[in-house]
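Inspection log for the structure reproduced underneath, given as structure tokens.
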Amino acid sequence: MIRKTRLFTPGPTPLLPAAQFAMAAADIHHRTPEFRALYTRVLAQLKEFVGTKNDVIILSSSGTGAMEAAVSNLTSPGDRVLVLSAGKFGERWSALAKAFGCEVDLVSEPYGKTFDIEKIKAELRLETRAVFVQATETSTGVRHYVEDIAKLLKEQKSEALLVVDGITGLGTTHLDMDAWGIDVLIGGSQKAVMIPPGLSYLAVSQRAWDRMEATYNPRYYFDLRKERKNAKNGESAYTPAVALIAALGAALDWIAAQADGDLAAGRKKLVDNAETIAEMTRAAVEALGFKLYNGDSPGAAATAVYAPEGVDSGLIVKELKSRFAAIITNGQGEMKGQIFRIAHLGFFDYMDTIALIGALEQVVEKSLPQLKAHFGPVSFGSAFGKGLIAAQKVYAERTK
Ligand SMILES: *Cc1c(COP(=O)(O)O)cnc(C)c1O
């Protein structure tokens, strides 16, 4: 049979056709009224998408660039910071903070888990200047409880800024930056906003802007105050990724169009979509006999699933690719070979979800002698429909 390639990866994610057309047509210079109009509009839309009254800054970089900007702009060498780490991206916060000379206190949990608020409370000090965390840890599929962490900081009257990597949290998770008191919330273009890699963005609270007046870690390209000043005039400090900005505008238009032009409502719809797909996927894999890796605190950005004992998860990734051109991902870091991850963020719908579950049933049924051994002697067709029935029920329940 012929195969259509489909990405089920947690970044890059499938591209929105309207955004691709906008990119192809973005033949404009960045010091013109045309660009200023575009940039001003996209920045305003992005605020609405993030769901904040704070200023949002766009950077031409992958998501890690915005993470670095948060560290370099908000800290000085020797600052005590608290990093919450339970996966590869949590480890990135630590590495970045150390690279900029911060004294890093760490609350660390095993991969696949989230944090105990009491442990965070115990590590929080009077002199903690910032707390760094992921909204969803993409390497494990786990959701962290940002609202509870924000509440803790308020209760403790902490001066620490709360910096949240929402790179796969935005568009998959309900996050209320202003009400909860998140100080920096970071997103990336190749995730739920359905455009290629190359842009990152940060929403920044007044408290964080004030902090920048006093911090003195080195920064040049990622100088947020400089970007903010330029953005007020509809420009960026350096040559921006014009085509990606046009794509982002088209993608945000499309998200708004999902809810009759109301971008905030469209964002909620996108989050609900990811949550529904994630729940369908969890129900399906469990019905097929797999064990969830992120079952304790599942995020809606991606579902992480254990490969059966003695089976390299890479084999499942490979089978889905070679037989169905469905691209899922292996585990990262220490979980490589042990889990596989299926993404739900951005441009995925019911049809994609059902198709992937059907393909996974085919893999379980036929492709892998190793899987056969795990699932025991099975009669022909015994995997068929198990995952799909479970997913169908979730869909019907959630959309009734
Ligand atoms: C994708 C991702 C990043 C950013 O990675 P880049 O490769 O720099 O875009 C950061 N944090 C999380 C949680 C991510 O999923």
Side-chain angles (χ1 to χ4, degrees), residues 7-15 50 57-72 83-97 99 108-109 111-115 131-146 149 162-173 175 182 184-203 221-222 241 244 247-248 251 270-271 274 278 293-294 297-304 327-333 335-336 339-348:
L7 287 181
F8 290 90
T9 50
T13 62
L15 300 178
V50 173
I57 301 299
I58 296 177
L59 300 172
S60 298
S61 74
S62 81
T64 308
M67 292 171 75
E68 171 161 334
V71 173
S72 66
V83 170
L84 312 181
S85 174
K88 190 169 165 262
F89 292 104
E91 287 160 16
R92 189 166 299 175
W93 275 136
S94 271
L96 272 166
S108 155
E109 292 296 338
Y111 276 46
K113 302 291 173 205
T114 189
F115 308 105
V131 176
F132 296 97
V133 67
Q134 271 63 41
T136 49
E137 171 54 76
T138 319
S139 66
T140 64
V142 165
R143 173 199 311 263
H144 295 321
Y145 290 94
V146 173
I149 298 163
L162 179 56
V163 182
V164 177
D165 166 0
I167 294 176
T168 54
L170 283 160
T172 67
T173 312
L175 297 166
I182 297 171
V184 178
L185 184 54
I186 300 171
S189 59
Q190 80 275 31
K191 310 281 177 144
V193 289
M194 307 172 263
I195 68 171
L199 288 184
S200 61
Y201 54 94
L202 323 78
Y221 185 72
F222 292 139
L244 288 173
L248 182 55
L270 192 65
V271 171
Y293 180 65
N294 64 338
S297 177
T303 295
I327 318 296
I328 65 165
T329 44
N330 205 318
Q332 281 174 292
M335 292 315 295
K336 189 155 195 254
I339 60 170
F340 58 91
R341 294 173 300 146
I342 301 165
H344 322 299
L345 67 169
F347 197 40
F348 294 103

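Computed from a predicted model, the values in this text were never measured in an experiment. Counting starts at 1 for both ligands and their atoms, following the listed order. All residue numbers refer to positions in the sequence shown, counting from 1.
- When non-hydrogen atoms are compared, ligand 1 lies under 4.0 Å from the side chain of Asp165 (C-beta onward) but not from its backbone.
- Side-chain atoms of Thr172 and His344 include no donor-acceptor pair closer than 3.5 Å.
- Of all protein heavy atoms, the one lying nearest to atom 14 (C) of ligand 1 is Lys191 NZ, 3.2 Å.
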query: Step by step, would you call Met335 with Lys88 a side-chain contact (heavy atoms from CB on, under 4.5 Å)?
result: CA-CA 10 Å; Met335 292 315 295; Lys88 190 169 165 262; over 6 Å; no

Q: Begin from the C-alpha positions of Thr140 and Tyr293 and carry the test side-chain contact (heavy atoms from CB on, under 4.5 Å) through to its verdict.
A: CA-CA 7 Å; Thr140 64; Tyr293 180 65; 3.9 Å; yes

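- For ligand 1 and Thr64, the ligand atoms under 4.0 Å from any heavy atom of the residue are 4 (C), 5 (O), 6 (P), 8 (O).
- The Met67 neighbourhood of ligand 1 comprises atoms 10 (C), with distances under 4.0 Å to a heavy atom of that residue.
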Show me the donor-acceptor pairs, under 3.5 Å and distance only, between side chains in residues 90-97 and residues at least two apart or in other chains.
{"residue": "Glu91", "atom": "OE1", "partner": "Tyr111", "partner atom": "OH", "Å": "3.3"}
{"residue": "Glu91", "atom": "OE2", "partner": "Tyr111", "partner atom": "OH", "Å": "2.9"}
{"residue": "Arg92", "atom": "NH1", "partner": "Thr64", "partner atom": "OG1", "Å": "2.8"}
{"residue": "Trp93", "atom": "NE1", "partner": "Val133", "partner atom": "O", "Å": "3.2"}

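- Residue-ligand proximity, Thr168 to ligand 1, at heavy-atom distances under 4.0 Å covers atoms 15 (O).
- When only non-hydrogen protein atoms are considered, atom 10 (C) of ligand 1 lies nearest to Ile167 CD1, 3.2 Å.
- For ligand 1 and Gly63, the ligand atoms under 4.0 Å from any heavy atom of the residue are 4 (C), 6 (P), 8 (O), 9 (O).
- Distances from atom 5 (O) of ligand 1 to the heavy atoms of Arg92, Lys88, Gln134, Glu68 put Arg92 nearest.
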**Prompt:** Yes or no on side-chain contact (heavy atoms from CB on, under 4.5 Å) for Leu15 and Phe347, after CA distance, side-chain angles and deciding distance?
**Reply:** CA-CA 7 Å; Leu15 300 178; Phe347 197 40; over 6 Å; no

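- When only non-hydrogen protein atoms are considered, atom 3 (C) of ligand 1 lies nearest to Phe89 CE2, 3.5 Å.
- Looking only at protein heavy atoms, the nearest one to atom 9 (O) of ligand 1 is Gln190 NE2, 2.7 Å.
- Checking Thr168 against Thr138 by side-chain atom types alone, a donor-acceptor pair falls below 3.5 Å.
- Between Thr173 and Arg143 the shortest side-chain heavy-atom distance falls below 4.5 Å.
- The nearest heavy-atom contact from the protein to atom 13 (C) of ligand 1 is Thr138 OG1, 3.1 Å.
- The nearest heavy-atom contact from the protein to atom 7 (O) of ligand 1 is Ser62 OG, 4.0 Å.
- At under 3.5 Å, not a single nitrogen or oxygen of Glu137, backbone or side chain, sits near a nitrogen or oxygen of ligand 1.
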Self-check item: side-chain contact (heavy atoms from CB on, under 4.5 Å) between Thr114 and Tyr145, intermediate numbers included
Solution: CA-CA 8 Å; Thr114 189; Tyr145 290 94; 4.1 Å; yes

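- Judged by the shortest distance from any of its heavy atoms, Thr136 lies inside the 4.0 Å radius around the atoms of ligand 1.
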Please tabulate, for the side chains in residues 185-201, all donor-acceptor contacts under 3.5 angstrom to protein atoms that are two or more places apart in sequence or on a different chain.
{"residue": "Ser189", "atom": "OG", "partner": "Pro196", "partner atom": "O", "Å": "2.7"}
{"residue": "Ser189", "atom": "OG", "partner": "Gly198", "partner atom": "N", "Å": "3.3"}
{"residue": "Ser189", "atom": "OG", "partner": "Leu199", "partner atom": "N", "Å": "3.0"}
{"residue": "Ser189", "atom": "OG", "partner": "Leu199", "partner atom": "O", "Å": "3.2"}
{"residue": "Lys191", "atom": "NZ", "partner": "Pro10", "partner atom": "O", "Å": "3.3"}
{"residue": "Ser200", "atom": "OG", "partner": "Ser61", "partner atom": "OG", "Å": "3.0"}

